[in-house]
Amino acid sequence: MQAYLDAIQGGASGADIAAIPVPESYRAATVHKDEAGMFEGVDSSDKDPRKSIHVEEVATPELAPDEVYVALMASSINFNTVWTSIFEPVSTFGFLSRLGKESEYGARHDLPYHVMGSDGSGVVVKVGAAVRSWKPGDRVVIHCNSVDDQDPSAHDDSMLATNQRIWGFETNFGGLADLSIVKANQLMPKPAHLTWEEAAVNALCNSTSYRMLVSRNGADMKQGDVVLIWGATGGIGGYAVQYVLNGGGIPVGVVSSPERAQLLRDMGCEAVIDRAANGYRFWSDEHTQDESEWRRFGKDIRGLVGTDPDIVFEHPGRSTMGASVFVAKRGGLVMTCAATSGYMIEYDNRHLWMKLKTIKASHFANYREASEANKLIAQGRIQPLLSETRPLDEVGEAALSVHKNQSEGKIGVLCLAPQAGQGIDDAELREKVGEDKITLYQRHAAGGGS
Ligand code: NAP
């Protein structure tokens with residue numbers, strides 16, 4: 001892999017990069033199938049990714065005709081890194097074994113280890129025989145929607161494809177590694193004004209929030225819409241805030257500390273709720289929700305923006321869904337894509353049907369949506385949410401931090417890139433967009449505030 005790094009840093013041509021032999025093995029963050037039971041009986045919040053994640057050499061898989069090898073300069077931690085590493089709600093080895101039965105190339109994925117990671121930035125080093133739009137030397141970011149486009153169900157909206165999978169979660173050979181294989185239709189141009197790690201953190205969360213709010217497949221938000229955003233300085237929430245502001249909507253951001261409340265204000269979100277300071281107890285015990293607490297929350301939202309939310313950007317799941325359904329306005333929409341705090345959801349259906357509300361589901365993004373979301377990053381209209389950067393050896397620590405809700409935005413991971421700050425190809429655009437905007441989350445994490 002050193003030869004690739006030297007070539008990339010030395011500005012080698014695509015032909016020179018293509019001439020470097022693909023190494024037989026590479027460094028990767030993995031979990032092991034024979035350790036999938038290691039947390040049995042342990043409370044979810046006590047499951048420690050540092051115990052299950054290994055950083056080790058793995059064999060390089062062969063390339064399918066519609067795939068490329070990417071030398072990864074950087075990657076990022078996603079919440080699915082946490083799910084994979086604590087084997088919840090299920091072990092990801094079940095996904096790999098099903099994929100293994102699907103085809104000859106699918107069989108490569110069914111291994112006793114899982115290379116995880118669903119984001120990446122880097123350089124294409126070799127392309128399969130059927131790849132037309134990309135070539136060695138291209139600087140790219142990778143989105144995680146892996147679909148077989150020869151299946152008719154993959155057309156119209158590839159998120160509805162029967163064989164749709166999330167790369168590095170439901171497939172092997174993910175992005176927390178020095179090398180990966182991905183389908184050519186997962187590639188997008190790297191935003192030229194960003195460093196490798198700033199470029200690497202966006203695709204999964206940014207595309208998810210784009211589909212949820214902007215796309216016709218999601219909320220199709222319009223100017224003036226009030227959007228309640230849970231976890232508004234988190235991975236998907238931080239992009240959601242930017243989409244609402246860009247689209248002329250009115251975000252109401254919910255966070256759990258004064259520091260996060262300040263970060264939200266620095267992003268331009270004026271209506272901020274600190275859920276910890278307000279002490280909402282939507283659940284009075286494990287089995288019972290308290291409507292008076294939903295009502296208090298709704299009153300606080302009205303107090304800030306004068307009306308109920310047109311759209312609720314929902315992902316915490318069990319702990320908040322009852323409140324989300326309650327506070328959405330008459331005819332309003334609850335857009336959900338996750339259930340961090342529990343997936344067996346409870347809400348009062350009377351508030352849904354009597355007020356003609358809708359719950360709509362979303363999951364990642366199709367290629368078009370991911371590409372449009374990436375364009376906005378590349379134009380400097382949506383900012384990366386990188387708050388800190390860790391070496392690949394510290395993926396376990398980084399995943400623990402996300403699991404414990406201790407970090408804001410996104411944690412970047414350096415793969416081949418020897419240090420942070422490299423990979424900027426368009427300094428002029430960077431200056432035009434503004435260092436202050438691009439690095440807002442990094443400065444906050446460093447205690448620098450606005
Ligand atoms: P994240 O960076 O950890 O942010 C989540 C935020 O949610 C936190 O910052 C926290 O904010 C808030 N939160 C956590 N637990 C909460 C609770 N019990 N009640 C209210 N707020 C809570 O994670 P993320 O990357 O944004 O992902 C969020 C969820 O979406 C995860 O479950 C992830 O797996 C899922 N996801 C799904 C897709 C998809 O395509 N379906 C894509 C991306 C992510 P405060 O503590 O500040 O309020």
Side-chain angles (χ1 to χ4, degrees), residues 44-45 76-86 88-89 118-119 143-145 159 164-170 201-213 215 217-218 228-241 252-264 269 272-283 293 297 312-324 335-343 345 360-366 369-370 373 385-388 398-411 441 444-445:
S44 181
S45 58
S76 93
I77 304 296
N78 279 295
F79 215 94
N80 71 10
T81 318
V82 177
W83 298 130
T84 304
S85 65
I86 63 172
E88 277 198 27
S118 302
D119 265 322
H143 75 72
C144 63
N145 183 12
M159 285 309 297
Q164 188 280 328
R165 291 185 166 89
I166 297 296
W167 163 64
F169 180 63
E170 293 164 294
V201 299
N202 306 303
L204 190 149
C205 285
N206 179 44
S207 313
T208 301
S209 301
Y210 179 92
R211 180 177 172 109
M212 286 178 78
L213 290 176
S215 171
N217 291 317
L228 176 73
I229 301 169
W230 290 106
T233 60
I236 53 175
Y239 292 102
V241 169
V252 180
V254 184
V255 286
S256 63
S257 72
E259 293 76 23
R260 290 182 179 182
Q262 186 55 48
L263 176 53
L264 258 189
C269 178
V272 176
I273 293 180
D274 180 340
R275 66 181 173 101
N278 290 9
Y280 303 116
R281 291 197 64 215
F282 301 138
W283 289 86
E293 284 292 277
F297 180 51
V312 181
F313 185 87
E314 165 64 43
H315 52 92
R318 184 169 172 81
S319 58
T320 55
M321 191 64 159
S324 292
M335 273 309 308
T336 177
C337 76
T340 316
S341 65
Y343 51 82
I345 300 293
K360 188 170 179 181
S362 191
H363 185 42
F364 188 59
N366 62 35
E369 291 159 341
L385 297 181
L386 179 76
S387 57
E388 58 172 307
L400 181 66
S401 171
V402 174
H403 184 29
K404 296 273 175 198
N405 191 10
Q406 287 164 344
S407 55
E408 281 77 48
K410 302 286 308 168
I411 301 182
Y441 272 59
H444 262 267

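Just so you know, ligand 1 is whichever comes first in the structure, and atom 1 is the first atom listed for that ligand.
Atoms of ligand 1 lying under 4.0 Å from any heavy atom of W83, numbered from 1 in the order shown and given with element: 32 (O), 34 (O). Under a 4.0 Å criterion applied to the non-hydrogen atoms of S319, ligand 1 contributes the atoms 17 (C), 18 (N), 19 (N). Listed by number with element, the atoms of ligand 1 under 4.0 Å from a non-hydrogen atom of T320 are 19 (N), 20 (C). Residue C337 has at least one heavy-atom neighbour below 4.0 Å for each of these atoms of ligand 1: 37 (C), 39 (C), 41 (N). Taking a cut-off of under 4.0 Å to the non-hydrogen atoms of R260, the atoms of ligand 1 that pass are 9 (O), 11 (O), 45 (P), 46 (O), 47 (O).
For K410, no heavy-atom contact with ligand 1 is shorter than 4.0 Å. Using a 4.0 Å cut-off between heavy atoms, C205 contacts ligand 1 through its side chain alone, with no backbone atom that close. Both the backbone and the side chain of V255 come within 4.0 Å of ligand 1, judged by heavy-atom distances. Of all the heavy atoms of L204, the ones lying under 4.0 Å from any atom of ligand 1 belong exclusively to the side chain. By the criterion of a heavy-atom distance under 4.0 Å, the side chain of N405, and not its backbone, is placed next to ligand 1.
When hydrogens are left out, the protein atom nearest atom 44 (C) of ligand 1 is I236 CG2, 3.9 Å; that is the closest non-hydrogen contact. Remark: minimum distance from atom 38 (C) of ligand 1 to any protein heavy atom is reached at T208 CG2, 3.9 Å. Protein heavy atom in closest approach to atom 31 (C) of ligand 1: T340 OG1, 3.3 Å.
Checking G342, S256, S324, G235 against atom 2 (O) of ligand 1, the nearest heavy atom belongs to G235.
Every side-chain contact (heavy atoms from CB on, under 4.5 Å) that S407 has, sequence neighbours left out, goes to E388, S401, V402, I411. Scanning for ring pair (Phe, Tyr, Trp, His ring centres under 6.0 Å) contacts around Y280 gives F282, F297, with sequence neighbours left out.
With K410 contributing its side chain and N202 its backbone, the two residues share no donor-acceptor pair below 3.5 Å.
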